[in-house]
Undergrad: 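I have a structure here, written as structure tokens, and I will follow up with some questions on it.
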Amino acid sequence: MSGLSTKRLMKELADIQSKGTPEGIILLSADNMDEWVFLISVLGDETIYKGETFALRMKFGNRYPIDVPEVSFIVTFLANGQYQPPMHPHVYSNGHICASILADNYQPWTVLNAVAICITMQSMLASNNKKERPEGNDRYVRSAPSNPKLTRWHYDDDVGIGIKFSCHNPAKWV
């Protein structure tokens, strides 16, 4: 890990330790500067995820914060608990997430740090109203790379209504 990445992550960790995390987000593990695990709960009584907690893994590379970390929901974690990725139209059953802030067009000058990424994932879940997997989930999971950053995510404008997310891995799906 480069000095810049380590310095940035140490500052983020110090901020978390001194200021805490927002409600519904807990730093579960930050034993090293390569990988952190957060627990995320969606707040509010009207969420379809009420009472559920999800584990989010971030793997930081040498070029963080210039490059986005590898981010995915954990499918299973340690002997002390089992986690499953949320049923969500942008979350695949292997934990990969189709979200523009995690893609190649990630722009670090937007000041996204680890906690901000967690808040974005929490918000993405909070705005969902139907538990379902993305179209093509089984096909994607069968051929997906272990690192979600190696997937080429494709974003389509859903006829001006908003953004409809879909993905494909050109190396496997051509």
Undergrad: With sequence neighbours excluded, what pairs up with Asn137 under the side-chain hydrogen bond (donor to acceptor under 3.5 Å, both in side chains) test?
TA: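 Residues passing side-chain hydrogen bond (donor to acceptor under 3.5 Å, both in side chains) with Asn137: Ser93.
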
Undergrad: Once rounded to the nearest 0.5 Å, what's the spacing between atom CG of Asp138 and atom CG of Asn94?
TA: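 Reported value, rounded in 0.5 Å steps: 10.5 Å.
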
Undergrad: To check you understand the geometry: which heavy-atom pair defines the closest contact between Ile119 and Pro22, and what is its length?
TA: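 Where Ile119 meets Pro22 most closely, the heavy atoms are CD1-CG, 3.7 Å.
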
Undergrad: Sequence neighbours left out, what passes side-chain hydrogen bond (donor to acceptor under 3.5 Å, both in side chains) with His96? Give chain and number order.
TA: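 Only Tyr140 meet the side-chain hydrogen bond (donor to acceptor under 3.5 Å, both in side chains) criterion with His96.
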
Undergrad: Please confirm whether the backbone N or O of Glu35 pairs with a side-chain atom of Arg57, one donor and one acceptor, at under 3.5 Å?
TA: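 Not confirmed, Arg57 side chain does not pair with Glu35 backbone.
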
Undergrad: Locate the shortest heavy-atom distance separating Leu150 from Pro145; write the atom from each residue and the value.
TA: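 Looking at all heavy atoms of both residues, the shortest contact is CB-CG, 3.8 Å.
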
Undergrad: Please walk me through it: do Ile74 and Val37 pass side-chain contact (heavy atoms from CB on, under 4.5 Å)?
TA: CA-CA 9 Å; Ile74 294 176; Val37 176; 3.7 Å; yes

Undergrad: So His88 and Leu125, side-chain contact (heavy atoms from CB on, under 4.5 Å) or not? Walk me through it.
TA: CA-CA 7 Å; His88 187 282; Leu125 295 173; 3.8 Å; yes

Undergrad: If you take all heavy atoms of Cys118 and Met58, which pair is closest and at what distance?
TA: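 Nearest heavy atoms, Cys118 then Met58: SG-CE, 3.6 Å.
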
Undergrad: Closer than 3.5 angstrom, by distance alone: can the side chain of Thr6 be matched with the main-chain N or O of Gly3 as a donor-acceptor pair?
TA: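 It does not hold such a pair.
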
Undergrad: Sequence neighbours excluded, which residues qualify as side-chain hydrogen bond (donor to acceptor under 3.5 Å, both in side chains) partners of Asn147?
TA: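 side-chain hydrogen bond (donor to acceptor under 3.5 Å, both in side chains) check on Asn147 returns Glu70.
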
Undergrad: Going by atom type alone, with no hydrogens or angles, which donor-acceptor pairs under 3.5 Å involve a side-chain atom of residues 38-48 and a protein atom two or more places apart or on another chain?
TA:
{"from": "Ser41", "atom 1": "OG", "to": "Thr53", "atom 2": "OG1", "distance (Å)": "3.1"}
{"from": "Asp45", "atom 1": "OD1", "to": "Lys50", "atom 2": "NZ", "distance (Å)": "3.3"}
{"from": "Thr47", "atom 1": "OG1", "to": "Tyr49", "atom 2": "N", "distance (Å)": "3.1"}

Undergrad: For the residue pair Ser29 and Trp36, establish whether any side-chain heavy-atom pair is separated by less than 4.5 Å.
TA: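 Not in contact.
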
Undergrad: Under the side-chain hydrogen bond (donor to acceptor under 3.5 Å, both in side chains) rule, collect the residues that match up with Ser123, sequence neighbours excluded.
TA: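 In terms of side-chain hydrogen bond (donor to acceptor under 3.5 Å, both in side chains), with neighbours along the sequence ignored, Ser123 is linked to no residue.
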
Undergrad: So how far is it from Leu28 CG to Ile25 CD1, rounded to the nearest 0.5 Å?
TA: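 Rounded to the nearest 0.5 Å, the CG-CD1 separation comes to 13.5 Å.
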
Undergrad: Would Met33 and Leu4 show up in the same hydrophobic cluster when neighbours are defined by side-chain heavy atoms closer than 4.5 Å?
TA: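 They do not share one cluster, since no chain of ILVMFWY contacts under 4.5 Å joins Met33 to Leu4.
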
Undergrad: Report the residues that fulfil salt bridge (charged side-chain N to carboxylate O under 4.0 Å, His left out) with Lys7, sequence neighbours left out, ordered by chain and then residue number.
TA: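 Scan of Lys7 (salt bridge (charged side-chain N to carboxylate O under 4.0 Å, His left out), adjacent residues dropped) gives none.
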
Undergrad: What's the verdict on side-chain contact (heavy atoms from CB on, under 4.5 Å) for Tyr92 and Cys98, showing C-alpha distance, side-chain angles and the deciding distance?
TA: CA-CA 8 Å; Tyr92 291 81; Cys98 185; 4.3 Å; yes

Undergrad: Please evaluate residues Met124 and His90 with respect to the criterion side-chain contact (heavy atoms from CB on, under 4.5 Å), reporting the C-alpha separation (whole Å), side-chain torsions for both, the decisive distance (0.1 Å), and the verdict.
TA: CA-CA 9 Å; Met124 179 185 81; His90 303 158; 4.3 Å; yes

Undergrad: Taking all atoms of both residues into account, what is the closest heavy-atom pair of Val68 and Ile101, and its distance?
TA: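 Answer, listing the atom of Val68 first, then Ile101: CG2-O, 3.5 Å.
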
Undergrad: Does some side-chain heavy atom of Pro69 sit less than 4.5 Å from a side-chain heavy atom of Lys59?
TA: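 They are not in side-chain contact.
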
Undergrad: In terms of hydrophobic clusters joined by side-chain contacts under 4.5 Å, are Met87 and Met121 together?
TA: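 Different clusters.
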
Undergrad: Looking only at atom types and distance, does a side-chain atom of Gln122 sit under 3.5 Å from a main-chain N or O of Ile117, one as donor and one as acceptor?
TA: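 Looks like no, no N/O pair under 3.5 Å.
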
Undergrad: May I ask you to decide if Val71's main-chain N or O and Lys149's side chain share a donor-acceptor pair within less than 3.5 Å?
TA: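 Not a single qualifying donor-acceptor pair exists.
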
Undergrad: Would you mind reporting whether Pro89 and Asn128 have side-chain heavy atoms less than 4.5 Å apart?
TA: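 Yes. Closest side-chain heavy atoms under 4.5 Å.
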
Undergrad: List the atom pairs, donor and acceptor, that lie under 3.5 Å between side-chain atoms in residues 12-20 and the rest of the protein, sequence neighbours left out.
TA:
{"from": "Glu12", "atom 1": "OE1", "to": "Tyr64", "atom 2": "OH", "distance (Å)": "3.3"}
{"from": "Glu12", "atom 1": "OE1", "to": "Ala114", "atom 2": "N", "distance (Å)": "2.9"}
{"from": "Glu12", "atom 1": "OE2", "to": "Arg8", "atom 2": "NE", "distance (Å)": "2.8"}
{"from": "Glu12", "atom 1": "OE2", "to": "Tyr64", "atom 2": "OH", "distance (Å)": "2.6"}
{"from": "Asp15", "atom 1": "OD2", "to": "Lys11", "atom 2": "NZ", "distance (Å)": "3.0"}
{"from": "Ser18", "atom 1": "OG", "to": "Ala14", "atom 2": "O", "distance (Å)": "3.1"}
{"from": "Ser18", "atom 1": "OG", "to": "Asp15", "atom 2": "O", "distance (Å)": "3.3"}

Undergrad: ring-ring contact (aromatic ring centres under 6.0 Å, His included): which pairs involve residues 117-138, sequence neighbours left out?
TA: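 Pairs touching residues 117-138 that pass the test: none.
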
